[in-house]
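Below you'll find the structure, written out as structure tokens, and then a few comments.
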Amino acid sequence: MTAESFIILLYILVLASYVGFELINKVPPTLHTPLMSGSNAISGITIVGAIIACNVLNYGAISKWLGMIALILATINVVGGYALTDRMLKMFKKK
Amino acid sequence: MTAESFIILLYILVLASYVGFELINKVPPTLHTPLMSGSNAISGITIVGAIIACNVLNYGAISKWLGMIALILATINVVGGYALTDRMLKMFKKK
Amino acid sequence: MNILIQIAYLAASILFIIGIKMLGRTSTARKGNFLSSLGMFIAIFATVIQVEAITLVDILICVIIGSALGLFIAFKVQMTKVPEMVALFNGFGGLASLTVALADFWLNTQEKGLQVDQITGISVAISILIGGVTFTGSLIAYLKLNGKVSGKAITFTGQHLINLLLLIAAVGVSVFALTDFSNPTFMIALAILSLVIGVLVVIPIGGADMPVVISLLNSYSGMAACATGFVLNNNVLIVAGALVGASGIILTQIMCKAMNRSLINVLLGGFGQTSGSGNQADGPEIAVKEVGVEEAAQIFDSVSSLIIVPGYGMAVAQAQHAIRELSELCEKRNINVRFAIHPVAGRMPGHMNVLLAEANISYDKLIEMDEINDDFANTDLVFVVGANDVVNPAAKTNPDSPIFGMPVLNVEKAQTVIVTKRSMGKGYAGIENELFGADNCLMLFGDAKQTITKLVGELKEL
Amino acid sequence: MNILIQIAYLAASILFIIGIKMLGRTSTARKGNFLSSLGMFIAIFATVIQVEAITLVDILICVIIGSALGLFIAFKVQMTKVPEMVALFNGFGGLASLTVALADFWLNTQEKGLQVDQITGISVAISILIGGVTFTGSLIAYLKLNGKVSGKAITFTGQHLINLLLLIAAVGVSVFALTDFSNPTFMIALAILSLVIGVLVVIPIGGADMPVVISLLNSYSGMAACATGFVLNNNVLIVAGALVGASGIILTQIMCKAMNRSLINVLLGGFGQTSGSGNQADGPEIAVKEVGVEEAAQIFDSVSSLIIVPGYGMAVAQAQHAIRELSELCEKRNINVRFAIHPVAGRMPGHMNVLLAEANISYDKLIEMDEINDDFANTDLVFVVGANDVVNPAAKTNPDSPIFGMPVLNVEKAQTVIVTKRSMGKGYAGIENELFGADNCLMLFGDAKQTITKLVGELKEL
Amino acid sequence: MKLGVLKESKEKEKRVALTPELVKQLIKKEFEILIEQGAGDESKFSDSDYIAAGASIASKSEICNTDVILKVNAPTLEEANLMKNGAISISLLYAYTQKELLEVFKTKQISAFAMDAVPRISRAQKMDALSSQANLAGYKSVIMAADALGKIFPLMMTAAGTITPAKVLIFGAGVAGLQAIATAKRLGAVVEVSDVRLETKEQVESLGGRFLVVEGADEVKTEGGYAKEVSAEFLAKQKKLVEDKIKDADIVITTALVIGKKSPLLVTEEMVKSMKSGSVIVDMAVESGGNCELSEFNKTVVKHGVTIIGESNLPALLPINASQLYATNISTLLLHLANKEGFKWEMEEDITKGALITHQGELVHEFTKSILSK
Amino acid sequence: MKLGVLKESKEKEKRVALTPELVKQLIKKEFEILIEQGAGDESKFSDSDYIAAGASIASKSEICNTDVILKVNAPTLEEANLMKNGAISISLLYAYTQKELLEVFKTKQISAFAMDAVPRISRAQKMDALSSQANLAGYKSVIMAADALGKIFPLMMTAAGTITPAKVLIFGAGVAGLQAIATAKRLGAVVEVSDVRLETKEQVESLGGRFLVVEGADEVKTEGGYAKEVSAEFLAKQKKLVEDKIKDADIVITTALVIGKKSPLLVTEEMVKSMKSGSVIVDMAVESGGNCELSEFNKTVVKHGVTIIGESNLPALLPINASQLYATNISTLLLHLANKEGFKWEMEEDITKGALITHQGELVHEFTKSILSK
Ligand SMILES: NC(=O)c1ccc[n+]([C@@H]2O[C@H](COP(=O)([O-])OP(=O)(O)OC[C@H]3O[C@@H](n4cnc5c(N)ncnc54)[C@H](OP(=O)(O)O)[C@@H]3O)[C@@H](O)[C@H]2O)c1
Ligand SMILES: NC(=O)c1ccc[n+]([C@@H]2O[C@H](COP(=O)([O-])OP(=O)(O)OC[C@H]3O[C@@H](n4cnc5c(N)ncnc54)[C@H](OP(=O)(O)O)[C@@H]3O)[C@@H](O)[C@H]2O)c1
Ligand SMILES: NC(=O)c1ccc[n+]([C@@H]2O[C@H](COP(=O)([O-])OP(=O)(O)OC[C@H]3O[C@@H](n4cnc5c(N)ncnc54)[C@H](O)[C@@H]3O)[C@@H](O)[C@H]2O)c1
Ligand SMILES: NC(=O)c1ccc[n+]([C@@H]2O[C@H](COP(=O)([O-])OP(=O)(O)OC[C@H]3O[C@@H](n4cnc5c(N)ncnc54)[C@H](O)[C@@H]3O)[C@@H](O)[C@H]2O)c1
């Protein structure tokens with residue numbers, strides 16, 4: 001990775017982190033768990049990495065297997081995470 | 001500009017704009033003018049562009065003169081803006 | 001690209017973010033401004049160390065000239081003229097963006113004879129357009145506030161149509177400029193068009209709305225800087241510009257709300273045309289000055305003595321509890337608060353006493369008319385809550401008035417008077433009250449309870 | 001890099017931002033979750049269309065297996081077990097990050113025999129370390145909550161020292177790995193070390209603190225994803241990972257506050273050892289959950305029925321006027337508000353009646369204990385203002401208590417109870433109140449009048 | 001000029017026309033003041049207080065010999081006969097009830113001002129004794145009723161059960177009625193109010209009372225704020241509405257007066273019978289015939305289990321405050337009409353015109369003439 | 001089991017031990033109830049109300065023949081003698097003042113419970129007649145004082161001048177004192193309060209009163225919430241502090257009791273003399289000797305220009321509410337001690353132990369013993 005593209009990625013990291021900090025300020029306790037669960041699902045974004053990994057790697061190689069395991073795990077995280085969050089939130093229907 | 005570097009700049013633009021939106025939510029009316037003035041000073045960041053412009057350009061050329069005019073204007077904006085904001089804010093020292 | 005310089009730019013960006021954040025709170029505003037100026041210094045420094053020695057001199061000269069002018073203006077200007085100075089500075093910023101973009105474009109296309117890519121081209125066009133509008137728009141705002149151009153809204157028919165046509169023209173010119181880079185005419189035409197648009201957009205707006213316009217133009221100048229960033233492929237310009245652009249929009253929105261206008265209205269440039277109060281009363285019309293809750297709150301925030309004058313309207317609105325809250329809040333801010341009780345305020349003897357006692361307002365804050373009447377002259381602010389006849393100066397000055405001879409409270413002697421009532425409706429005696437038209441009197445229309453509750457809310461945020 | 005794909009990634013990033021923002025409000029949470037899942041779909045879709053046809057099958061198989069497992073767990077799990085499931089999912093996410101980084105590293109260094117640059121190397125190491133810790137840490141949290149591992153804090157001396165040593169070892173191993181890419185041992189060692197650290201860090205933490213731990217690990221897994229983004233030079237991973245990492249930290253902090261702990265405490269991993277409330281009272285200690293004014297306001301905002309229980313503390317604080325304001329505000333928001341008056345609340349018969357009448361609260365809102373006691377079970381929120389003995393369940397459950405046999409208000413039957421008082425101070429009877437430690441009870445510490453005034457302010461802004 | 005203050009001779013009267021405080025103020029304006037011995041005793045102002053304020057203590061005949069004789073109630077025939085020719089009398093005269101006295105005034109050329117006839121215009125509010133006294137009466141009516149009731153006013157939720165708040169029903173939201181509402185409300189009662197003037201609704205609500213709207217109430221004519229006589233139809237409707245309410249009332253206070261007429265009958269015997277045993281009625285209009293059929297002048301009676309208080313002179317039961325306010329009223333009027341040199345006799349001025357009843361041997365007051373000639 | 005309710009025979013007593021409401025509830029629990037004819041008349045409960053509730057009307061002798069005899073006041077000797085051997089009596093006995101009566105109880109093996117001796121523990125609050133009655137007394141004391149005062153309570157700024165608020169000084173912030181504060185405050189008075197227990201300061205302030213802090217007040221010992229006797233030194237200091245305040249007071253209400261002892265003397269003749277003419281004192285401790293030197297038992301007297309109300313039985317002046325609350329108190333106690341089968345006689349249980357005075361021919365109450373043996 002070049003220093004230049006690294007610095008650009010750093011910009012993105014800093015700004016995104018700042019956005020993350022600002023996003024959450026007052027959350028009612030009832031939403032703590034759903035929020036945690038929902039953002040956990042987002043952290044399953046590694047799935048994109050896993051797919052890319054699976055793609056470029058050669059069959060039979062360790063890396064390929066690792067990639068496929070990663071993909072399964074990430075998919076569980078993403079799909080399970082979103083479904084669970086939604087189930088939880090359904091119960092919050094107001095009034 | 002390559003599409004790639006453009007996209008990265010776009011990321012930065014989007015994230016920075018989002019940060020800008022989130023930054024301001026409740027501003028007491030007394031701070032409207034100072035805030036306006038202070039962020040106006042920041043928008044004088046064009047000064048960086050002006051310096052870069054001055055640097056690369058050739059003497060005598062129209063672009064050089066334009067760059068120098070830009071530099072003077074931007075400097076007024078920056079220096080005047082910060083100084084004025086500070087003067088204003090000094091008066092807020094409460095009771 | 002030197003990595004250290006990039007890191008410096010990143011640091012500057014972070015400082016800008018923190019700076020703006022802190023500018024939004026009274027307690028941290030000054031520090032915020034300092035941090036943001038530090039960021040600016042870092043950004044400039046990181047840029048300057050890259051320049052060739054030979055141009056350093058030119059740059060220094062320009063910077064010194066600019067700084068001197070900037071400081072001179074900043075320190076000489078009277079504090080009452082701040083908004084117009086902000087407008088002026090802002091205009092310079094916009095012009096700088098325009099110039100930088102044009103310079104870069106000129107250099108590449110005219111002097112170096114290069115082709116520029118589409119994205120850069122579009123960025124240049126945006127930079128020029130926004131920069132130009134910002135420049136002349138700000139200039140007009142400056143002149144209006146300064147009184148050099150009429151503060152009134154200058155309108156003519158077809159205004160909006162003309163603006164629209166000009167905008168279409170600008171877009172068209174840009175397209176031509178992008179298709180044929182070698183011909184600079186189009187870019188120059190764009191620059192000129194943008195300057196004209198700036199003038200036309202701001203000219204129809206009344207002086208009272210200028211702060212909103214300036215805030216919006218400020219946001220524009222941020223966007224111009226951002227566009228310049230795309231032209232120069234420079235992150236700090238993009239971040240800082242985007243920050244100012246976005247936060248400026250929000251700030252504009254907040255200011256609009258405080259002035260009771262909608263942002264759409266503002267964005268369309270059609271604001272400033274409806275004027276004044278909507279309350280039409282019959283009889284000889286009294287011209288009154290209306291005040292909003294926010295402004296009223298700021299007046300409360302700035303005084304050190306306050307007399308509250310309750311009347312029958314307080315009883316009707318059942319505003320006594322809200323008033324107690326207001327008075328407690330004021331006392332917490334070291335404002336000396338007293339109540340002036342007129343002997344016939346309300347509709348029965350002791351009407352005000354009953355209600356204020358219910359709201360738990362201590363007896364020693366309630367002062368009889370005879371005792372307090374001489375104190376009004378030394379009082380910063382009188383807040384009249386739903387009283388009318390008992391503060392009507394006609395009782396002293398107009399022998400034909402049915403209340404002539406009745407002793408009244410001399411509220412008009414105070415520095416400022418704020419009256420809250422629902423409308424220009426009359427009191428028990430059914431007569432007009434000239435107090436409401438007095439120079440130092442501001443009307444805060446609305447139901448007393450609701451208005452005071454809102455006032456308390458605003459005051460808490462100051 | 002295809003620009004359309006990049007734009008899809010950008011769109012996904014924006015959807016994540018909006019999604020998280022909306023998840024923080026009751027009214028928009030579900031929509032927020034949907035938007036964020038939409039973002040995820042876009043990101044996955046944009047990625048999948050790039051893959052070679054030949055691997056598409058593998059990918060689909062993996063995705064189907066993963067989806068099936070995920071959906072199965074998500075829909076089968078009991079709602080009471082949600083936190084542990086979140087922990088498990090989170091662990092998988094962490095492991096996925098570790099695996100992807102390792103795979104990429106393995107491919108480049110072992111299979112392709114390439115050198116990787118330092119930045120990528122560091123990113124890989126970070127990815128592995130954080131991913132590993134997240135995985136085993138989450139697993140332990142899962143097992144603890146599940147009861148498969150003792151929920152108690154498992155501690156031994158030198159724990160912190162060992163953790164520190166392991167961390168140093170991990171750093172050391174990473175340095176070696178970076179200096180000699182051809183040797184995979186170090187990276188594998190790092191992976192193993194990270195797994196061990198994850199176990200050791202979470203093992204000493206008590207079951208009650210697990211939600212905070214999970215939230216923190218969630219934040220970690222975001223960071224791991226972010227690091228993976230650096231490995232793969234992928235923006236959407238960086239943005240999404242950074243978002244989760246940062247917002248997770250804030251959320252953790254909020255949860256800490258709600259549980260009366262400091263974030264430092266949590267970050268050091270030393271939490272869970274000091275237990276219960278900070279208020280050292282003698283006798284059996286009651287662990288309470290504190291709530292801030294803002295959160296309390298949000299709870300008020302989300303309910304449709306409210307019972308206010310005033311006690312002697314309301315009288316001491318003279319909070320009756322503030323309470324009236326609160327109740328009016330709630331009614332304006334269509335919340336059904338009533339007051340439960342315990343016959344001996346206060347210090348004289350009718351103490352509450354006098355004060356509430358003074359504050360002009362209508363008689364028909366005041367309900368006697370006997371009439372309202374059955375309604376608590378159908379009530380969303382009970383707000384206890386400076387009452388203590390009259391809501392003490394010990395009167396019903398503890399025959400040794402001096403107040404045993406006194407009828408009390410069944411506040412604990414309500415969905416949620418918020419109690420406002422200055423401290424864990426006792427009431428007239430001088431006894432502990434277990435209500436304050438109940439699962440559905442939140443303490444809002446402070447002087448009743450001040451707290452409620454603040455609460456009203458917050459509520460107005462929602 | 002010499003002013004004289006007579007001791008009140010009416011039964012149960014405890015007020016006095018001037019207090020030491022006001023004596024002091026009038027003496028500053030160079031009036032000479034004689035006070036009858038013991039005049040202030042009942043309202044707790046001793047002779048020595050008056051002397052300290054600058055007045056002299058004198059006998060009745062001496063005082064009747066002064067230029068201006070101040071009283072709360074109208075002078076008796078005896079007092080009038082003692083007065084010198086051409087003297088001036090100021091008091092709550094209620095001239096239209098004093099045919100005989102007016103004859104004496106006429107023959108002796110006495111100029112009589114009636115405090116009760118001072119017009120209710122804004123600048124005369126300080127002289128408005130009707131308001132100042134009615135205000136106190138409104139307060140007192142509630143206190144008396146509260147003392148007579150075997151219950152407490154406020155809602156109280158106690159360990160031994162809940163006490164429901166007392167229900168108070170008030171007829172007439174004039175000055176007295178409004179103060180009664182305020183006082184009953186303060187003590188925690190639930191207050192309902194009936195009045196013929198719909199405009200009082202807002203005023204009643206501003207004090208926390210509930211106004212009972214009679215359909216057709218907008219037809220009632222008012223003049224200068226006073227209710228004129230109302231139609232029989234309206235009264236019938238009002239009665240119907242009230243019949244329901246009165247059954248639950250613990251306390252009924254009636255304040256409905258129509259000036260110069262017999263007061264309207266608002267509470268019939270039937271209604272009293274329908275009330276709960278132990279309830280209390282205060283009839284403030286008892287002097288002009290009463291709003292309640294069963295009330296007896298200056299007596300408290302129990303009929304059908306209901307205590308009916310027919311006290312005609314409630315302000316006199318708060319003599320200290322009542323005298324203070326009356327003294328301010330009367331001396332403000334005096335200072336408006338006269339200075340130490342004598343009276344100004346501006347016969348066309350509103351207040352003089354409104355309050356002067358007899359002058360130079362003639363009955364000059366139109367309203368009084370019109371009533372007496374009926 | 002048969003319960004009997006006697007008509008109260010004490011002078012000025014208007015209460016009754018059971019109301020129809022409570023009769024209904026007890027009958028649901030299968031008690032049989034006899035009410036003496038006219039027992040509820042004074043508190044507005046008619047015989048027919050009782051009959052409708054399920055009780056029977058009976059003569060005094062019939063009632064004395066029931067198993068449990070309920071009264072407000074202690075039975076008279078005559079009534080006690082009419083009771084059957086082994087009967088049970090419940091009333092506000094104040095046993096330590098009833099030497100003779102206790103002898104009768106002992107000889108007739110009557111078990112007597114004293115409502116005034118029910119311990120003030122949390123679960124007995126519903127039986128606490130002292131509190132329920134003191135509470136009403138506190139309200140009534142203010143209403144009586146307000147009626148007796150020649151002034152109004154609230155501050156009033158009117159066209160005819162400003163009326164300053166009445167100043168009320170209250171001694172003792174027990175149950176009665178606190179309710180007096182609340183009531184006076186509601187009416188708009190300025191209230192100052194003196195008590196020996198510093199802990200009442202917060203309570204007084206919670207009702208808007210001003211607490212007069214006596215230096216050294218922390219030395220006072222209290223037991224179970226009751227003030228024990230205080231040192232002479234403390235009382236001297238308190239006196240000094242109060243002397244200043246009392247001069248300005250319009251109303252003084254004293255509620256200071258020390259159980260089983262003569263009440264402390266708080267308002268001396270000197271102090272009364274220093275008060276303004278027309279002021280009012282209500283001495284609520286008059287039954288046990290009075291807090292005011294000049295108060296007379298059950299009389300209202302005027303001394304040195306000050307009206308001193310020595311009404312010993314204020315709750316009886318609010319008979320409707322007082323009976324309601326007392327009836328709840330007494331029936332709660334009864335249901336605690338007994339069911340339709342009979343009494344449980346759990347002699348070691350707190351409430352039984354606290355309230356039972358004589359049993360099986362013996363005086364079993366320690367506190368009463370200790371006072372009587374002095
Ligand atoms: N005190 C007595 O004993 C007595 C007795 C009888 C008559 N009066 C007479 O009553 C008058 C009293 O004077 P005052 O100044 O107290 O009252 P006022 O002159 O009657 O004026 C009251 C004002 O309050 C406003 N108002 C009504 N409802 C309101 C609400 N909900 N929120 C805000 N404002 C409201 C009305 O204006 P909008 O409609 O524009 O809101 C009105 O102009 C005097 O003329 C006096 O002579 C007094
Ligand atoms: N009603 C009667 O007739 C009567 C008479 C005598 C005794 N009692 C007894 O009094 C008790 C009444 O119960 P209750 O629940 O009303 O009161 P409580 O049990 O005495 O509790 C009052 C609570 O209010 C809190 N508090 C005090 N000042 C406060 C302030 N400024 N802001 C917020 N909170 C404040 C205190 O906690 P912090 O210190 O932590 O803030 C205290 O725990 C019962 O035990 C009853 O038996 C009643
Ligand atoms: N100048 C001033 O500012 C001033 C001063 C004092 C009073 N006033 C006004 O004068 C008016 C009269 O006051 P007042 O106290 O002398 O009144 P009042 O004693 O003449 O009558 C008392 C009330 O009884 C009502 N009433 C009459 N017949 C009734 C019926 N059949 N049923 C129910 N109610 C009936 C009247 O409407 C009036 O409100 C009021 O409007 C008052 O506001 C004005
Ligand atoms: N179980 C319960 O919850 C419960 C119920 C009712 C009352 N109480 C408590 O019992 C206590 C006594 O109540 P009470 O009304 O029977 O009191 P009381 O009638 O015995 O005494 C009245 C007050 O007079 C005060 N006093 C005594 N000597 C005094 C002096 N020299 N000067 C000034 N004040 C003096 C006392 O301190 C007391 O406050 C109170 O603390 C009350 O809160 C508790």
Side-chain angles (χ1 to χ4, degrees), chain D residues 310-321 342-360 368-370 385-408 422 425-431 433 447-449, chain F residues 119-139 142 170 172-188 191 193 195 197 199-209 224-225 255 315 321-322 324-325 328-329 332 336 349-351:
Chain D
Y312 181 56
M314 175 190 84
V316 173
Q318 290 285 296
Q320 61 268 31
H321 298 281
H342 190 282
V344 299
R347 290 290 182 273
M348 73 162 198
H351 203 161
M352 299 299 111
N353 294 124
V354 177
L355 298 175
L356 295 175
E358 179 193 308
N360 235 346
E368 293 180 78
M369 175 174 67
D370 295 341
V385 182
N388 192 340
D389 297 344
V390 301
V391 294
N392 193 336
K396 294 177 286 192
T397 56
N398 179 1
D400 295 331
S401 165
I403 62 167
F404 185 69
M406 175 172 99
V408 290
R422 294 164 308 183
K426 291 164 187 167
Y428 184 83
I431 51 170
N433 191 337
D447 174 77
K449 183 176 170 188
Chain F
R120 276 181 159 175
I121 53 179
S122 291
R123 72 173 191 280
Q125 284 175 126
K126 216 176 165 171
M127 315 162 193
D128 186 353
L130 287 187
S131 281
S132 74
Q133 305 299 301
N135 182 35
L136 294 174
Y139 168 86
V142 173
I170 295 177
V175 175
L178 289 175
Q179 192 58 257
I181 297 169
T183 309
K185 200 62 204 160
R186 282 185 119 141
L187 272 175
V191 183
V193 184
D195 196 310
R197 294 180 297 133
E199 70 206 73
T200 59
K201 180 170 186 285
E202 192 185 58
Q203 300 172 13
V204 167
E205 285 166 357
S206 84
L207 288 162
T255 75
N321 294 150
Q324 277 167 357
L325 300 185
T328 306
N329 296 142
T332 309
H336 174 75
E349 185 267 334
D350 285 344
I351 298 176

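Owing to the predicted nature of the structure, the values given are computational and were not obtained by experimental measurement. Every chain is numbered from 1, with letters handed out A, B, ... down the list of sequences.
The salt bridge (Lys or Arg N to Asp or Glu O under 4.0 Å) search around F:K185 returns none, not counting sequence neighbours. With sequence neighbours excluded, the residues satisfying ring-ring contact (aromatic ring centres under 6.0 Å, His included) with D:H321 are C:H321. With sequence neighbours excluded, the residues forming a salt bridge (Lys or Arg N to Asp or Glu O under 4.0 Å) with F:R123 are F:E349, listed by chain and number.
In this structure, CG in F:L207 is found 9.0 Å from CD in D:E358, a value given to the nearest 0.5 Å. Atom CD of residue F:Q203 and atom CE of residue D:M348 lie 10.5 Å apart, to the nearest 0.5 angstrom. Within the model, atoms NE2 of D:H342 and CD of F:Q125 stand 7.5 Å from one another, a figure rounded to the nearest 0.5 Å. Expressed to the nearest 0.5 Å, how far CG of D:N392 lies from OG of F:S122 amounts to 10.0 Å.
Residue F:E205 touches chain D through its backbone alone, counting heavy-atom pairs closer than 4.5 Å. For D:Y312, the part lying under 4.5 angstrom from a heavy atom of chain F is the side chain only. Contacts of D:I403 with chain F are made by both backbone and side-chain atoms, with heavy-atom separations under 4.5 Å.
The 12-atom threshold is exceeded at NZ of D:K396, counting heavy atoms of other residues, nucleotides or ligands nearer than 6.0 Å.
Heavy-atom neighbours of chain D within the stretch residues 174-184 of chain F, taken at a separation under 4.5 angstrom, comprise F:V175, F:L178, F:Q179, F:A182.
Between F:K126 and D:V344, every side-chain heavy-atom pair lies at or beyond the 4.5 Å cut-off.
Contact record, D:Q318 with F:S206: NE2-O, 2.6 Å, taken as the closest heavy-atom pair.
Here D:P349 is the residue among D:A429, D:A315, D:P349, D:P402 with the most heavy-atom pairs under 4.5 Å with chain F.
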